Every structure is written in structure tokens, then in C-alpha cells.
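Because the structure is predicted, anything quoted here is derived from the model rather than measured. Lettering follows sequence order; numbering is per chain, from 1.
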Amino acid sequence: MAKEITSRSENYSQWYNDLVVKADLAENSAVRGCMVIKPYGYAIWEKMQAELDRMFKETGHVNAYFPLFIPKSFFSKEASHVEGFAKECAVVTHYRLKNDPDGKGVIVDPDAKLEEELIVRPTSETIIWHTYKNWIQSWRDLPILINQWANVVRWEMRTRLFLRTAEFLWQEGHTAHATQAEAIEETFKMVNVYANFAEQFMALPVIKGHKSENERFAGALDTLCIEALMQDGKALQAGTSHFLGQNFAKAFDVQFANKEGKLEHVWATSWGVSTRLMGALIMAHSDDNGLVLPPKLAPFQVVIVPIYKSMEQLAEISAKVDAIIPLLKAKGISVKFDDNDAKKPGWKFAEYELKGVPVRLALGPRDIENGTVEVARRDNLSKEVVQLDGIENYVEALLEKIQQTIFNKALAFREEKTTKADTWEEFKDLLTNKGGFISAHWDGTPETEQKIKEETKATIRCIPLDAVEEEGKCIYSGKPSGRRVLFAVAY
RNA sequence: CGGGGUAUAGCACAGUCCGGUAGUGUACCUGGUUUGGGACCAGGGGGUCCCAGGUUCGAAUCCUGGUGCCCCGACCA
């Protein structure tokens, strides 16, 4: 029986949900707003982690781990930070259960109330800066370049698998520097790491830019981000890198003696990407037949499906397959040979298509006779018969081509969906009828951005790093503007 | 936190109006025939009908009170 997927044109968000659930990436759990990430989905996340981790280490960072719980008092130390997160924190108030005296299950033991409540981390700036205070005395202790892989909890009203869940997995980098310039450089360095990862591994074109004041991280002086465009024309923030100035150093009294022996507050950054990247990956490339995964992140890049009538035929095919698997693996290509006799080839074709496996090889009696193999591409659903001899070279080149092709496709889509608007009417018309990024002038005030948001639901996704200086008038207020910014309706 | 749905087999649903001992598809198990795009036949197993009360000879169905989940809004990586 077919696993039905809602088409994108019929209901985009249902399509997304169907993909996540039916491709075995994740499912809703018994806990409101929290998901179970299933093995196939987690395998993709592990690939993302592995590459990001490598990139972080290459840029001089090391991993560490800080506690899940944060004393409540830590949050009150940085005013704008607490304001940003206060409304979505889970709080631990007790540390013990006991049997219900009425004999029905367990209850929270009222005698086990914590003296100070603990907050389940929505992010770790506070606990980390509290800790850094003890680690930093001199300029010789700097910089500190630490990353942690962790889970965090933000008590969201409405959740969606991967895109917004109450608990999610991420990495958070927290760095401490002696100078402002060095911290700013770090902020840019990491947004570039994210952009490179997105483009080269996820095949996801992104725009790097500054967040406007409204969209900035709570406690940051500047937030850099990468923004991607999804197939429904909505934007998705895929990663952020924050220049925190001396805000946290001052809040947690972290000072160092500089080379002149004078005390200075240290400069900070933080940066993160989360399992939300999974949502971006899914929505960027997939189609009505299922997932389309970029070869560099697919749990396995090639699936081999044998086609046979008798067990003798299967044995013959298996012998051929056993010979080519080592050749593929030697090229660094991951392969799954699905010789499960309980499923028919047609079922397997549909299943691996749904799961987005980039390349499928089908080997049947005809191929054995002719020394060939059928090669099917997931990205464009094309099929061709090629010589089995040298297949590893063919597949290697094909995987690279697929990686490039899906990036190019996503890039062409984004360019097609990025439009300049010079009047308010044009702006509203584009939002309603076309979607995507709208490049327009803005007077730079939070008030104007807020009003535009209220009237159209569109927000400033970013002020692109490569925005050209250009005199113009704000699309909304008519006041002078020095450059265009990117608007979009966002996830 | 407002508005709207929904809760019955692993999953998707019907049955509820009008009370009578729980059904379909799929998945699962067994056997056989099949296998180049989601096979077919036969047989089989599986359900505290969300929870707690109430009405009744009898409740998935009616009444009262809870709870979970989903969708839509305000808020967010």
C-alpha cells in the first residue's frame, strides 16, 4: 500500500509533516511539543554534527559541556537577556516524588521544595559566563573558544517537528576575547562557517546579514544570521552568530588584566545552529514524491536493489553486488544493499525515493546478462542503464553532480523569488502574490519595521552583508535610506 | 492563553444522531503463487472504544466532570 504524501500545492505544511513522519525522520512524542527523532532522521543530524564539529575544530574551537539546569538568579543578571527568554522557561521547583497517600500513583513531595528554583536552559550564556569568571584573570587566559553540543528547552506555544519544538538539539559556541575587534572577527568567522556548511553540505544557498534591532538576540549588540528561502516562499533563519559586546562580562563581572596590568571586561560572542537545520534541509529540496537529500548528508548515498525470480538469481546478483560494494566504499561512498526478500522491488523503489536516497542501482537478470546496471537519480527521477564495469567512478561523479544540481536548483529558485520593491503597493502585492525575499529600502527604525510586520506579517530577515550603498526612500515611511534590506514572511 | 476539531486494533478511519455484547483498510503472523515501479489468494492473531462518575436490564453510543493530542491566532531558533 502506498504511503500517501500530501502534495505541496495542496497543503504545504501538511506536505512537510507527511515527509517528516513518513520518511521516518521524527514523530510527535507523548510529551507536548517534544519530538522523537528516529534513526533515519538522527543519522542525518549526526552527519551535520560531524561536519560542523570538524569545521569548529578547524577554526580553533574545543568542545565542553555545561549543566542542563541554571539557578534562577543567574537570569536576572542581564536585563535584556532575561526579558527575551522569561516567557518560555521550564522551571524545576522540587526534587522528589512520593507515593500518593490516596494510593493513586505518585505526587510531588511538598517537603522537597528547592530553595532556589532551577531553570532548564533555554540557552547557556548565563551559566557559562558565571563559569568563565573563574577561568579568566589575565590576557594570557584569552581567548576562550568553546562549543557545546546540547539540548535546550524553550516552552513554545505552537510547535512543528524540527522547525520549532519545545526541546531541541543544537550546538552553542561561547567565546571570550580580549578585544572588541577580535570578538567581532569571531562573530563574522562563525557566520561564514555556517554559510559554508549550508551551501556546501546542505546544498542550501543562504544570505548572510545583520539582524535588525527587533530580531536581534536578547543580550546581543549585533546578531549575524544566515537566511534561507523555502519552497513556499517563506524565509527560514538557519543559524545565528552574536556579538555580545561586554554585556555578559559586565553582568557576571568577568574581567582580565591586560598587558598594562589594567582590568578590562572581556568581549564575548555566541553562535548556534539547531535541529531546525533538518527542517531547512527537508523544505529546501524535497518534492511530492518524498525527500531529496544532498549526497553529502544522506545516511546512505546509494541503495542497491536486486531484481530476481529465484534464489539462484539472487545469489548471482549478490555475488556481483558483493564485488562492487568494496569499490564504492573505497571511494568513500556509503551503500546499502537491500536484499530483503520480504519486499518487492517496486516497494523498495518507492520507499527509497520517499527517503531521498540520492542514487539507486537496480540489478536484475538482464543486467547480469549484459554486464550493466540501472542507475536512477533521486533529484530528477531520471534512469539510465550503464556498464557495471567502472560503476564506482560513474557513481562518484554522479553524486557530485547531484550535490551541485540541487544547490543550483535551490539557488535559481531563490533568485527567481527575490524581488525589488520600490513602492508600498508593490511591496504588498509581491508579498501576497509572489512571496519570497523582497529587497526594499527601510528607514532603519524599529517602529517602521513593527508597523510593516503588523500590516503584512513580513519582517526584516536581514540586512545583507553585501548590501550595496544606494540612496533610496523607505518603502513605508518615505524617509531616506542608505541601502536595501531583505523582507520576507518567516518561519 | 483564546477559537475550532478530535480521542475506537501498531497506523488510518467507520460505527455515536436513533443504546443491544465492536467493524473496514493497512500493517502483523502462517502457507502457497509472485518479483524490472508500492503483488495476489487462503487462513490467523490482535481493542481497559482517553479517564472518572452517573442514567439504564444493558453504554463506544446518552448525561456530568476531567485529561491528552491536532489545527488556527498572539509569541519564538
Side-chain angles (χ1 to χ4, degrees), chain A residues 1-5 11 13-14 17-18 21-22 24 27-34 83-89 104-105 122-123 151-172 194 211 214-218 220 223 225-228 235-242 270-280 289-290 305-311 313-314 317 338-354 360-370 372-374 376 381 383 385 453-454 457 459 461 490-491:
Chain A
M1 178 58 193
K3 290 185 187 171
E4 291 295 331
I5 297 176
N11 184 342
S13 59
Q14 188 60 48
N17 239 322
D18 284 355
V21 173
K22 291 179 180 170
D24 281 335
E27 63 189 35
N28 280 308
S29 72
V31 186
R32 191 198 72 93
C34 296
E83 199 179 317
F85 288 105
K87 285 175 290 185
E88 48 186 23
C89 287
K104 293 178 184 172
T123 180
N151 58 337
V152 288
V153 169
R154 296 180 189 175
W155 212 262
E156 299 291 350
M157 292 296 182
R158 287 191 57 204
T159 59
R160 293 193 64 192
L161 292 166
F162 289 120
L163 295 175
R164 180 171 301 108
T165 45
E167 178 193 17
F168 57 91
L169 307 184
W170 77 346
Q171 57 70 215
E172 47 182 326
Y194 290 153
K211 281 295 183 192
N214 284 354
E215 300 278 323
R216 196 177 290 156
F217 175 74
T223 290
C225 62
I226 54 172
E227 289 284 327
L236 183 79
Q237 176 176 307
T240 48
S241 179
H242 314 290
S270 69
W271 28 272
V273 294
S274 71
T275 36
R276 177 178 245 204
L277 287 180
M278 294 286 294
N289 296 305
V305 177
I307 292 150
Y308 56 94
K309 289 189 163 67
S310 64
M311 291 320 270
Q313 272 180 346
L314 176 59
I317 293 164
D338 188 353
D339 59 352
N340 178 3
D341 190 46
K343 303 289 186 194
K344 292 183 61 185
W347 189 91
K348 293 175 185 174
F349 290 177
E351 183 67 12
Y352 294 115
E353 214 160 88
L354 175 59
R360 180 183 75 230
L361 302 181
L363 215 62
R366 286 208 298 271
D367 298 303
I368 298 296
E369 203 171 305
N370 301 329
T372 57
V373 60
E374 183 191 83
L381 298 171
K383 288 193 280 198
V385 175
K453 183 180 180 182
E454 282 162 14
K457 289 188 178 172
T459 50
R461 298 325 303 152
Y491 272 94

List the residues meeting side chain to side chain contact (heavy atoms under 4.5 Å, CB included) with Arg160(A), not counting sequence neighbours, and say none if there are none. Ser13(A), Tyr16(A), Leu163(A), Tyr491(A)
Whole-angstrom distance between G73(B) and G10(B), as gauged at atom P: 33 Å
Would you measure the distance from the C1' atom in C75(B) across to the matching atom in C1(B) and give it in whole Å? 11 Å
If you look at every strand shown and take non-hydrogen atoms under 4.0 Å, does Thr165(A) touch a base, only sugar-phosphate, or nothing? base
Quantified in whole Å, what is the P atom distance between nucleotide G20(B) and nucleotide G25(B)? 22 Å
Quick one: label Glu156(A) by what it contacts on the DNA or RNA (base, sugar-phosphate, nothing), any heavy atom closer than 4.0 Å. base
For a quick check of understanding: with a heavy-atom distance under 4.0 Å over all strands, which category does Leu236(A) fall into, base, sugar-phosphate or nothing? nothing
Taking side chain to side chain contact (heavy atoms under 4.5 Å, CB included) as the test, write out the residues that go with Glu83(A), two or more places apart. none
With the criterion being N/O to N/O and under 3.5 Å, what pairs connect the protein with nucleotides 66-71 of chain B, and how long is each?
{"from": "C69(B)", "atom 1": "OP1", "to": "Arg32(A)", "atom 2": "N", "distance (Å)": "3.1"}

Who are the salt bridge (Lys or Arg N to Asp or Glu O under 4.0 Å) partners of Lys344(A), not counting sequence neighbours? none
Between A52(B) and C57(B), how many Å separate the two P atoms, rounded to a whole number? 23 Å
Is there a side-chain contact between Ile317(A) and Asp339(A) (heavy atoms, below 4.5 Å)? no
Report which part of the nucleic acid Tyr491(A) touches: base, sugar-phosphate, or nothing (heavy-atom distance under 4.0 Å, all strands). nothing
C1' gap between G3(B) and G44(B), integer Å: 47 Å
Between protein and nucleotides 28-37 of chain B, map the contacts as a letter string: B base, S sugar-phosphate only, - none, heavy atoms under 4.0 Å, written 5' to 3'. S------BBB
Tell me which nucleotide, if any, is Watson-Crick or G-U wobble paired with G23(B) when both distances must be under 3.5 Å. C13(B)
Measure the distance from CD on Glu88(A) to P on C1(B) and round it to the nearest whole Å. 17 Å
What interatomic distance, in whole Å, is found between P of C49(B) and the corresponding atom of G2(B)? 31 Å
C1' atom, U21(B) versus C63(B): distance in rounded Å? 22 Å
Asn340(A): side chain to side chain donor-acceptor pair (under 3.5 Å) partners, not counting sequence neighbours: none
Looking only at G73(B), G38(B), A77(B), the nucleotide nearest the Phe168(A) side chain is A77(B)
Can you sort out the partners of Tyr308(A) under ring pair (Phe, Tyr, Trp, His ring centres under 6.0 Å), two or more places apart, ordered by chain and number? none
For G53(B), what is the paired nucleotide under Watson-Crick or G-U wobble rules, both distances under 3.5 Å? C63(B)
Approximate separation, where rounding is to 0.5 Å, of Leu363(A) CG and Glu374(A) CD: 10.0 Å
Whole-Å distance, Glu215(A) CD to C75(B) P, equals 11 Å
Under 4.0 angstrom, heavy atoms only, what part of the nucleic acid is Thr240(A) near: base, sugar-phosphate, or nothing? nothing
Whom does G31(B) pair with, Watson-Crick or G-U wobble, provided both distances fall under 3.5 Å? C41(B)
Scanning all shown strands, the Watson-Crick or wobble mate of C69(B) with both distances under 3.5 Å is G5(B)
Using the C1' atom as the point on both nucleotides, what is the distance between G5(B) and C18(B), in whole Å? 24 Å
When you compare the side chain of Ile307(A) with that of Arg366(A), does any pair of heavy atoms fall below 4.5 Å? no
Identify, with sequence neighbours excluded, every residue that meets side chain to side chain contact (heavy atoms under 4.5 Å, CB included) alongside Ser274(A). Phe168(A), Trp170(A), Arg276(A)
Glu215(A): which residues meet the salt bridge (Lys or Arg N to Asp or Glu O under 4.0 Å) condition with it, sequence neighbours left out? Arg461(A)
